[in-house]
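Here is the structure we will look at, set down as structure tokens.
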Amino acid sequence: MIGVLVNLEGIDGCGKSTQSKLLLEKLEGEGEKVIILKEPTKRPHGQKLWDMLHGKRKATNEEILELFVLDRKQHVEEKIQPALDSGAVVLMDRYYYSSMAYQVAGGIDVEEIREKHEFAPKPDVVLIFDLPVSVALERVKGHSDADEFEKEEHLEKVREAYLNLENDPLVRIVDATGTPEEIFRNVWKLVSEVRND
Ligand code: TYD
């Protein structure tokens, strides 16, 4: 049996976590075995990353990328590959496509990042939830401690890096400005296409 890997992506506040939950419910309703996995993980590499991303630990962009790769290698071995081997639908709330947006926004070449992830099982589909940065920031208001202007500038770069992946054959750009139900209608259509392959 071989599972299906769906990767949900987008800038902070894009609604991917809500969509993962809706997908989980719908797929379970159809009798599928489903698991949601999130990156960075709660393992030691992931914990270190949280500290770096929240400014508690200084690091270069290259160091951050290396840690994401290490965290992901462990995640693939311990959770992702076993779940796929068991025939489950694996919903990845962030995966290596996050590195191909966030670490690219940090100045690293996208092809270098792709090459570093040759060990990782390829998603069957990558849903990138796209919306204007101002709308996303409005949604996460109160959750962020970063300087708002700095955060906005950074997320603009991340959004651009995501949109630059448009021609990747696995990527589908999903308009994330509607209600959760409206967005889910598209999500379900796109996921159904890969389940029926
Ligand atoms: P996120 O899922 O947004 O966490 P939260 O639960 O706080 O909403 O992810 C945390 C941050 O990690 C997010 O700003 C994006 C960043 N990140 C990267 O920079 N590269 C990566 O490869 C991944 C997986 C996440």
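FYI, side chains are in, hydrogens and waters are out, and symmetry mates aren't considered; it's all heavy atoms of this structure. First listed ligand is number 1; within each ligand, the first listed atom is number 1.
- Under a 4.0 Å N-O distance rule, the pair Lys26/Glu30 does not qualify as a salt bridge.
- Atom NZ of Lys38 has more than 12 heavy atoms from other residues, nucleotides or ligands within 6.0 Å.
- Using a 4.0 Å cut-off between a side-chain N of Lys or Arg and a carboxylate O of Asp or Glu, Glu111 and Arg114 qualify as a salt bridge.
- With sequence neighbours left out, Glu156 forms a side chain to side chain contact (heavy atoms under 4.5 Å, CB included) with Val133.
- Using bins of under 30°, 30° to 60° and over 60° for the plane-to-plane angle, the ring pair His117/Tyr96 lands in the parallel bin.
- Of the residues listed (Lys16, Arg172, Arg159), the one engaging Asp130 in a salt bridge (charged side-chain N to carboxylate O under 4.0 Å, His left out) is Arg159, and it is the only one.
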Would you mind writing out a table of all protein N or O atoms found under 3.5 Å from any N or O atom of ligand 1, naming both atoms and giving the distance to 0.1 Å?
| unit_1 | atom_1 | unit_2 | atom_2 | d |
| --- | --- | --- | --- | --- |
| ligand 1 | 2 (O) | Lys16 | NZ | 3.4 |
| ligand 1 | 2 (O) | Lys38 | NZ | 3.0 |
| ligand 1 | 2 (O) | Arg94 | NE | 2.9 |
| ligand 1 | 3 (O) | Asp12 | OD2 | 3.4 |
| ligand 1 | 3 (O) | Arg94 | NE | 3.4 |
| ligand 1 | 3 (O) | Arg94 | NH2 | 3.3 |
| ligand 1 | 6 (O) | Lys38 | NZ | 3.4 |
| ligand 1 | 9 (O) | Arg94 | NE | 3.2 |
| ligand 1 | 14 (O) | Asp12 | OD2 | 3.0 |
| ligand 1 | 19 (O) | Gln103 | NE2 | 3.1 |
| ligand 1 | 20 (N) | Gln103 | OE1 | 2.8 |
| ligand 1 | 22 (O) | Arg72 | NH2 | 2.8 |
| ligand 1 | 22 (O) | Ser99 | N | 3.2 |
| ligand 1 | 22 (O) | Ser99 | OG | 2.7 |

